[in-house]
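One structure is given here, and the rest of the page talks about it.
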There are 2 protein chains.
Amino acid sequence: MSNQNLRTLFQLVVRRFGFLNEQCCNQCCNQDISVAQSHIIFETSRQHNPSMRDIANALGIDITTFSRQVKALIDKGYVKKTPHPNDQRVQILALTEKGKDLERNIDDVMNQQLEQILSQLSDEERSKVTQSIDLLNKAMVNSESYCCPPQ
Amino acid sequence: MSNQNLRTLFQLVVRRFGFLNEQCCNQCCNQDISVAQSHIIFETSRQHNPSMRDIANALGIDITTFSRQVKALIDKGYVKKTPHPNDQRVQILALTEKGKDLERNIDDVMNQQLEQILSQLSDEERSKVTQSIDLLNKAMVNSESYCCPPQ
DNA sequence: ATAATTAATTGCATTTTACAAATAAAATGG
DNA sequence: CCATTTTATTTGTAAAATGCAATTAATTAT
């Protein structure tokens with residue numbers, strides 16, 4: 001194992017994943033959206049009938065910045081807003097068909113790239129890695145450490 | 001294992017690591033530097049006598065943006081520039097004592113938080129996770145996938 | 001019914017970003 | 001050795017992103 005501390009190991013993996021993310025995102029939409037916007041699309045596709053605040057909270061971004069980014073995504077035709085039936089204050093976010101296509105596309109390309117990376121590992125190592133990421137996610141969710149958005 | 005694809009697993013871990021990073025960074029310097037600036041400090045502490053371009057390339061940020069961020073870090077007293085002895089075009093970056101202190105501080109706090117997260121796992125799971133991150137880093141470095149800065 | 005709370009948007013000032021151009025030093029090649 | 005090209009970094013400038021304060025509008029609490 002590399003002679004480095006935990007934080008360094010994480011930092012470097014995260015940085016590299018960031019590059020992957022950025023390039024896949026650009027490749028899929030021809031620079032039409034930013035990486036920040038692709039995160040909004042990703043999270044919107046995951047949640048069930050999310051409000052503005054749900055997505056902004058999940059991503060840890062300021063609601064006012066978020067509001068403007070969503071407007072940009074609506075203008076580009078990837079996202080739509082629908083008023084909540086029981087509470088006219090909240091807007092329910094959803095992907096349009098174009099948005100779903102883009103999300104699927106990014107997801108496919110990302111998974112292909114990740115497959116390519118993991119293809120260098122043995123079957124054993126490979127399942128060790130995927131299980132570990134899963135373990136990590138669960139540990140982070142249950143942790144008292146700050147693995148959640150500020151505030 | 002969670003019923004999710006590879007990309008989703010990664011995306012969520014990376015997002016949570018981002019929150020951790022941000023909050024540790026803020027905690028250590030009382031908001032005196034941004035997360036982007038903490039990455040510059042991190043990378044500057046890792047490399048041996050790096051030039052401006054070395055760090056900008058490693059982080060995948062535009063050299064002009066980087067130039068201004070470095071200026072800000074110099075103004076705050078965390079970083080210093082020294083002309084390269086054999087090439088007057090090149091500026092060698094280094095952390096000041098204050099910068100080293102901050103980097104150590106962030107590193108300690110991050111490692112504590114990561115320890116806290118991993119403390120939820122069994123010894124076996126824990127070593128599985130750290131070995132996996134290490135494996136991942138190596139696979140990403142050797143990969144043909146875009147785990148390196150654009151261009 | 002009035003006050004207090006909540007969701008989302010908009011005003012505005014600051015910061016970040018990145019392309020183009022400028023500057024300056026080193027390398028290249030007649 | 002001089003002219004040209006390349007390389008490293010900085011600066012001009014305009015666009016985009018950010019986040020606080022204030023606003024609007026709907027809901028809940030008293």
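In the text below, chain A, chain B and the rest are named by the order of the sequence lines, each starting its count at 1.
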Mind calculating the distance between [atom1] ([X]) and [atom2] ([N]) to the nearest angstrom?
X: B/I40; N: C/dT16; atom1: CD1; atom2: C1'; answer: 12 Å
X: B/L73; N: C/dT15; atom1: CG; atom2: P; answer: 14 Å
X: A/Q31; N: D/dA15; atom1: CD; atom2: C1'; answer: 15 Å
X: B/D54; N: D/dT7; atom1: CG; atom2: P; answer: 15 Å
X: A/K81; N: C/dA7; atom1: NZ; atom2: C1'; answer: 11 Å
X: A/Q91; N: D/dT24; atom1: CD; atom2: C1'; answer: 13 Å
X: B/Q69; N: C/dA18; atom1: CD; atom2: P; answer: 11 Å
X: B/Q37; N: D/dT18; atom1: CD; atom2: P; answer: 15 Å

* So what does A/D62 hit on the nucleic acid, given a heavy-atom distance under 4.0 Å: a base, only sugar-phosphate, or nothing? -> base

* **A/F19 and B/Y146 aromatic centres sub-6.0 Å** => no

Side chains of [X] and [Y]: is there a donor and an acceptor less than 3.5 Å apart?
X: B/Q23; Y: B/Q27; answer: no
X: B/Q37; Y: B/K76; answer: yes
X: A/S51; Y: A/Q91; answer: no
X: A/Q112; Y: A/Q116; answer: no

Can you figure out which of [options] approaches the side chain of [X] most closely?
X: A/S67; options: D/dT9, C/dT10, C/dT16; value: C/dT10
X: B/S34; options: D/dT9, C/dT16, C/dT10; value: C/dT16
X: A/R89; options: C/dA8, D/dT27, D/dA17; value: D/dT27
X: B/Q88; options: D/dT10, C/dA25, C/dA8; value: C/dA25

* Structure fact -> Between A/K71 and A/V90, the residue closer to the 5' end of DNA chain C by nearest nucleotide is A/V90

* Nearest-nucleotide 5' precedence on DNA chain D, B/T64 against A/T65 -> B/T64

